[in-house]
Each structure stands twice: as C-alpha cells, then as structure tokens.
Asker: 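Below is a structure I'd like to ask you about.
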Amino acid sequence: MARRRMVYEGKAKILYEGPEPGTLIQYFKDDATAFNAQKKDVIDGKGVLNNRICEHIMTALTGIGVPNHFIRRVNMREQLIRACEIIPLEVVVRNVAAGSLSKRLGIDEGTPLPRPIIEFYYKDDDLNDPMVTEEHVIAFNWASQQDIDDMIALALRVNDFLSGLFTGVGIKLIDFKIECGRVFEGDFQRIIVADEISPDSCRLWDIKTGEKLDKDVFRRDLGNLSDAYSEVARRLGILPESGNKVAGPKLVH
Ligand code: UDP
C-alpha cells in the first residue's frame with residue numbers, strides 16, 4: 001500500500017493528498033497551541049471533537065448556501081475537503097469585546113459591540129499575525145477588492161448563522177475567525193470558507209454562567225479543555241447526553 005503524501009502540517013491540523021484531484025484530507029491533531037505556539041500541550045480527544053464539531057457547522061453552512069471546502073467526514077479525525085488557494089488572511093468577526101480587542105483598546109471583556117466588527121490579520125507566524133487594513137490587503141496583493149467584499153459577506157453570513165445556532169443551545173458567540181480560499185470553476189473564481197470552524201477558532205461563553213467553552217480554557221488555564229469542547233458537542237447534539245443514543249440539539253430557555 002502506498003503511503004499518502006503530506007501536503008502541509010500546521011499547528012493543529014495536517015493536510016494530505018486526497019483520493020481525487022482537487023481534494024485533500026484534513027487531519028485534526030490533539031495538539032493545542034497558543035500565543036504563537038509558545039504554549040503547547042496535547043489534549044486527548046481534542047482532534048476528534050473538533051473534527052465532529054467542524055463537520056456539524058460546515059454541513060449546516062452548506063445547507064444554507066454558504067460555500068465552504070467541506071465534502072464529508074472520513075473517520076474520527078479526518079475529513080475530505082475541496083482543495084483551494086488559501087488567502088493568507090485571518091478574518092475575525094466580533095460581537096462582544098474580548099481578547100486582543102479588549103487588550104488593545106482597553107474595553108472590558110464582555111462589553112457588547114454596537115455592531116459586528118470585522119478585522120483582517122495577515123497570516124505570518126514570524127510577524128505574529130499582525131492586524132492589517134483593506135489598504136494593506138490590496139496594496140500587497142493578498143486579495144482583490146472583490147475578494148475582500150466576498151470575504152466580508154461570507155463572514156457576516158457565518159456570524160448570523162453561528163450566533164443563532166449557538167444561542168439555541170445556551171451559548172453566546174463572542175467572536176470567531178475564519179479563513180477563506182479561492183476555487184476556480186471554468187473562467188470564474190469563487191471565494192469559499194476553508195480551514196476549520198471549531199471551539200479552537202471561536203470564543204463561546206455559556207449564556208447563563210459566562211463559563212468559557214473554547215480555547216481560552218487552555219490559553220488561560222481555566223480547566224479541562226476537552227471537557228469544555230465535549231460540552232459544546234453535547235449541546236449541539238453531536239455527542240450523546242448519556243449512553244450511545246445521539247440526541248438532537250437541546251433547546252435552552
Ligand atoms: N483566533 C484564531 N486563530 C488565531 C487568532 C485568533 O482562531 O490565530 C480566534 C480566537 O479564537 C478568537 C478570535 O479569533 O475567537 C479573536 O481572537 P483575538 O484577536 O482576540 O486574539 P487572541 O486573544 O485569541 O490572541
């Protein structure tokens with residue numbers, strides 16, 4: 001049996017060549033990193049949980065017509081995805097002040113924002129992913145104005161959908177990050193959501209208690225990360241409440 005070819009290894013995921021041209025296999029590792037990999041650990045089961053949560057979200061996004069790279073889950077840790085040309089930007093959407101925004105602008109964490117704020121960060125570990133403006137994005141040719149408009153529209157649709165999805169299970173979507181890629185269809189190019197959407201890339205707070213159910217649990221040593229991610233999966237109806245029966249999403253009043 002031929003060994004499959006690794007295409008790329010990142011901090012939390014590995015990409016392998018897919019079974020057909022134009023596809024890749026995305027493998028979710030158990031590795032957790034924060035602060036540009038200055039803090040590292042291996043969290044048993046994190047990759048499995050993120051694979052399932054990401055599948056759930058991307059499938060639902062496909063269902064409402066938000067184009068994304070997900071094709072299907074292959075096994076516990078892997079999903080088949082459509083290959084695309086990744087735009088080297090992190091697109092962050094914020095609903096409530098937290099993290100770097102609170103730090104930079106001195107706004108208390110938890111302060112609701114008057115409208116969703118979108119920010120771009122240039123993906124470059126050596127530079128610590130600096131925040132950039134649309135002017136930089138266009139001047140340095142990372143994306144065109146049309147690409148930017150498409151990314152903003154996608155990010156806002158993802159925000160609306162995810163906010164509702166999480167509110168329905170008693171979780172507040174504070175902020176999240178997406179990455180986008182280009183796919184070419186004949187003479188046309190389209191922007192799609194790529195990478196992952198999981199508790200690694202979102203801030204998720206319990207609506208009633210404010211408990212953090214995301215990667216801040218690891219970043220800030222607040223407890224057991226895989227318990228927090230399991231709770232998100234359970235509420236979304238992905239993990240059984242108890243026993244082997246998979247329950248549907250649980251409405252929280
Ligand atoms: N985020 C991410 N990857 C990054 C940086 C940020 O997924 O490399 C997510 C992060 O989990 C949060 C949102 O983007 O949901 C905003 O992060 P922020 O700018 O506040 O930075 P942080 O405080 O995470 O360093």
Side-chain angles (χ1 to χ4, degrees), residues 8-13 26 28-29 31-41 43 46-47 49-51 53-54 57-58 61 68-69 86-113 115-133 136 142 151-152 154-156 158-163 165-167 171-181 193-206 210-223 225-226 228-229 232:
Y8 175 81
E9 176 158 16
K11 293 188 273 261
K13 298 187 296 293
Q26 179 163 255
F28 288 77
K29 300 196 266 187
D31 301 32
T33 64
F35 314 117
N36 202 1
Q38 286 174 51
K39 181 176 165 91
K40 287 187 209 175
D41 206 349
I43 312 285
K46 179 177 88 88
L49 285 160
N50 277 353
N51 187 27
I53 294 170
C54 185
I57 292 173
M58 293 293 191
L61 286 174
N68 66 79
H69 73 168
I86 290 285
I87 295 171
L89 297 171
E90 299 195 333
V91 184
V92 168
V93 183
R94 302 177 183 276
N95 300 305
V96 174
S100 70
L101 177 123
S102 291
K103 212 164 159 186
R104 211 176 44 245
L105 303 180
I107 300 173
D108 285 345
E109 282 212 320
T111 308
L113 300 170
R115 47 171 275 178
I117 292 177
I118 297 189
E119 298 168 345
F120 295 103
Y121 293 83
Y122 179 51
K123 271 168 65 73
D124 186 324
D125 283 342
D126 293 340
L127 299 174
N128 254 320
D129 295 349
M131 183 157 76
V132 294
T133 68
H136 299 113
W142 298 321
M151 285 191 287
I152 291 174
L154 277 179
L156 289 174
V158 172
N159 187 44
D160 283 347
F161 175 76
L162 282 187
S163 294
L165 178 78
F166 283 120
T167 302
I171 292 174
K172 187 153 189 62
L173 178 65
I174 304 299
D175 56 30
F176 66 94
K177 181 257 325 184
I178 57 168
E179 293 182 26
C180 297
V193 177
D195 189 52
E196 75 180 291
I197 302 180
S198 74
D200 265 8
S201 56
C202 301
R203 279 200 172 88
L204 304 169
W205 296 359
D206 181 89
E211 186 192 352
K212 293 182 171 47
L213 299 170
D214 56 56
K215 208 166 113 180
D216 275 348
V217 171
F218 170 73
R219 292 191 192 99
R220 305 178 186 186
D221 295 317
L222 300 175
L225 192 72
S226 92
Y229 287 19
V232 174

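Counting starts at 1 for both ligands and their atoms, following the listed order. For this chain, numbers begin at 1 and follow the sequence in order.
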Asker: In Å and rounded to the nearest 0.5 Å, what is the CD to NE2 distance from Gln26 to His69?
Answerer: 4.5 Å
Asker: Heavy-atom pairs closer than 4.0 Å: do any link ligand 1 to the side chain of Asp175, the backbone, both, or neither?
Answerer: both
Asker: Please classify the Lys215 to ligand 1 contact at 4.0 Å (heavy-atom distances, strictly less than): side chain, backbone, both or neither.
Answerer: neither
Asker: Between the side chains of Arg203 and Asp216, is the shortest nitrogen-to-carboxylate-oxygen separation below 4.0 Å, so that they form an ion pair?
Answerer: yes
Asker: Has the side chain of Asn68 got a donor or acceptor atom that lies under 3.5 Å from a matching backbone atom of Ala194?
Answerer: no
Asker: Between Lys46 and Asp31, does any side-chain N to carboxylate O distance fall below 4.0 Å?
Answerer: no
Asker: Would you call Lys123-Asp195 a salt bridge at under 4.0 Å N-O?
Answerer: no
Asker: Are any of the N/O atoms in Glu119 less than 3.5 Å from those in ligand 1?
Answerer: no
Asker: Looking at Val92, which atoms of ligand 1 are within less than 4.0 Å of one of its heavy atoms?
Answerer: 14 (O), 16 (C)
Asker: Quick one: which ligand 1 atoms are inside 4.0 Å of a heavy atom on Gly99?
Answerer: 20 (O), 23 (O)
Asker: Under 4.0 Å, counting heavy atoms only: does Tyr121 come that close to any atom of ligand 1?
Answerer: yes
Asker: Considering heavy atoms of the protein only, find what lies nearest to atom 20 (O) of ligand 1 and give residue, atom and distance to 0.1 Å.
Answerer: Ser100 N, 2.8 Å
Asker: Rounded to the nearest 0.5 Å, how far does CH2 of Trp205 lie from CD1 of Ile174?
Answerer: 4.5 Å
Asker: Who's the nearest protein heavy-atom neighbour of atom 14 (O) of ligand 1, and how far?
Answerer: Lys177 CB, 3.5 Å
Asker: Out of curiosity, is Asp200 lining ligand 1, as in a heavy atom under 4.0 Å away?
Answerer: yes
Asker: Is there a donor-acceptor contact under 3.5 Å linking the side chains of Ser100 and Arg94?
Answerer: yes
Asker: What residue and heavy atom of the protein are closest to atom 11 (O) of ligand 1, and at what distance?
Answerer: Arg219 NH2, 3.0 Å
Asker: Do Asp206 and Lys172 meet the salt-bridge criterion of a basic N to acidic O distance under 4.0 Å?
Answerer: no
Asker: Right, does atom 25 (O) of ligand 1 have protein non-hydrogen atoms nearer than 4.0 Å?
Answerer: no
Asker: Is Arg104 salt-bridged to Glu119, going by a charged N under 4.0 Å from an acidic O?
Answerer: yes
Asker: Using non-hydrogen atoms of the residue, decide whether Lys103 is closer than 4.0 angstrom to ligand 1.
Answerer: no
Asker: In terms of residue, atom name and distance, what is the protein heavy atom nearest to atom 22 (P) of ligand 1?
Answerer: Arg203 NH2, 3.6 Å
Asker: Side chain to side chain contact (heavy atoms under 4.5 Å, CB included) with Ile53: which of Asp200, Val232, Ile197?
Answerer: Val232
Asker: Which residue and non-hydrogen atom of the protein lie closest to atom 8 (O) of ligand 1, and at what distance in Å?
Answerer: Glu90 OE1, 3.2 Å
Asker: Could a heavy atom of Arg94 be found less than 4.0 Å from some atom of ligand 1?
Answerer: yes
